[in-house]
Q: 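Let me give you the structure first, and then I'll get to my questions.
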Amino acid sequence: MKKQIVLLASVLALGLGFSAHAEETVTEKIETSANKAGDSIKKGYRSAKDKTCEMVNGKMECAGKKMKHKGQNMMDKAGTTGTEVKNELTK
């Protein structure tokens, strides 16, 4: 009897899992694309600032800012990934 209950629960969980994976809506696709484009623009801007700083002040003077920018780039990417996961889970 216990095996039947476990089997039934497994089948039910799999069935619910498959029905929950609907296709991403157009709005969510647009939001994801906009977030990725924004991240790319910010990353390019920060990279340009880092290179300009290094040319003017030298590498050692700008190391802190460069690390800060890398952290900001990682946070932007994490936020975008979080939004994608949220959209996937809310279906």
Side-chain angles (χ1 to χ4, degrees):
M1 181 70 170
K2 189 174 182 180
K3 288 181 182 179
Q4 291 173 338
I5 293 173
V6 171
L7 181 62
L8 180 61
S10 299
V11 170
L12 183 61
L14 285 174
L16 291 175
F18 287 128
S19 66
H21 291 288
E23 191 168 322
E24 194 174 23
T25 65
V26 174
T27 305
E28 292 169 344
K29 287 180 182 180
I30 292 170
E31 180 183 18
T32 300
S33 296
N35 287 341
K36 287 182 179 181
D39 291 351
S40 180
I41 290 169
K42 289 176 191 176
K43 185 176 180 179
Y45 173 72
R46 291 174 185 141
S47 177
K49 282 181 70 173
D50 290 341
K51 289 181 183 188
T52 303
C53 182
E54 286 179 3
M55 284 192 296
V56 174
N57 300 324
K59 286 187 177 186
M60 292 306 292
E61 294 287 324
C62 302
K65 289 180 184 179
K66 193 171 185 177
M67 291 303 294
K68 176 184 167 191
H69 290 159
K70 284 187 180 189
Q72 288 173 329
N73 290 339
M74 288 173 42
M75 291 300 294
D76 289 343
K77 186 174 182 177
T80 298
T81 303
T83 301
E84 290 177 32
V85 169
K86 176 193 65 93
N87 290 341
E88 194 64 35
L89 294 176
T90 57
K91 293 178 186 168

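When reading the values below, keep in mind they use all heavy atoms of this one structure, side chains included, and skip hydrogens, waters and symmetry mates.
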Q: Closer than 3.5 angstrom, by distance alone: can the side chain of S40 be matched with the main-chain N or O of K36 as a donor-acceptor pair?
A: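 No; judged by distance alone, with no hydrogens or angles, the pair does not exist.
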Q: Which pair of heavy atoms, one from D39 and one from D76, lies closest together, and at what distance?
A: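 Residues D39 and D76, closest heavy atoms: OD2-O, 3.3 Å.
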Q: Between the side chain of E28 and the main-chain N/O of T25, is any donor-acceptor distance below 3.5 Å?
A: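 A pair under 3.5 Å: yes.
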Q: Applying the salt bridge (charged side-chain N to carboxylate O under 4.0 Å, His left out) criterion to E54, which one of K59, K65, K66 satisfies it?
A: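 Exactly one pass, corresponding to K66.
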Q: Please determine which of K42, K43, K49 meets the side-chain contact (heavy atoms from CB on, under 4.5 Å) test together with R46.
A: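 When K42, K43, K49 are each tested with R46, the side-chain contact (heavy atoms from CB on, under 4.5 Å) holds only for K42.
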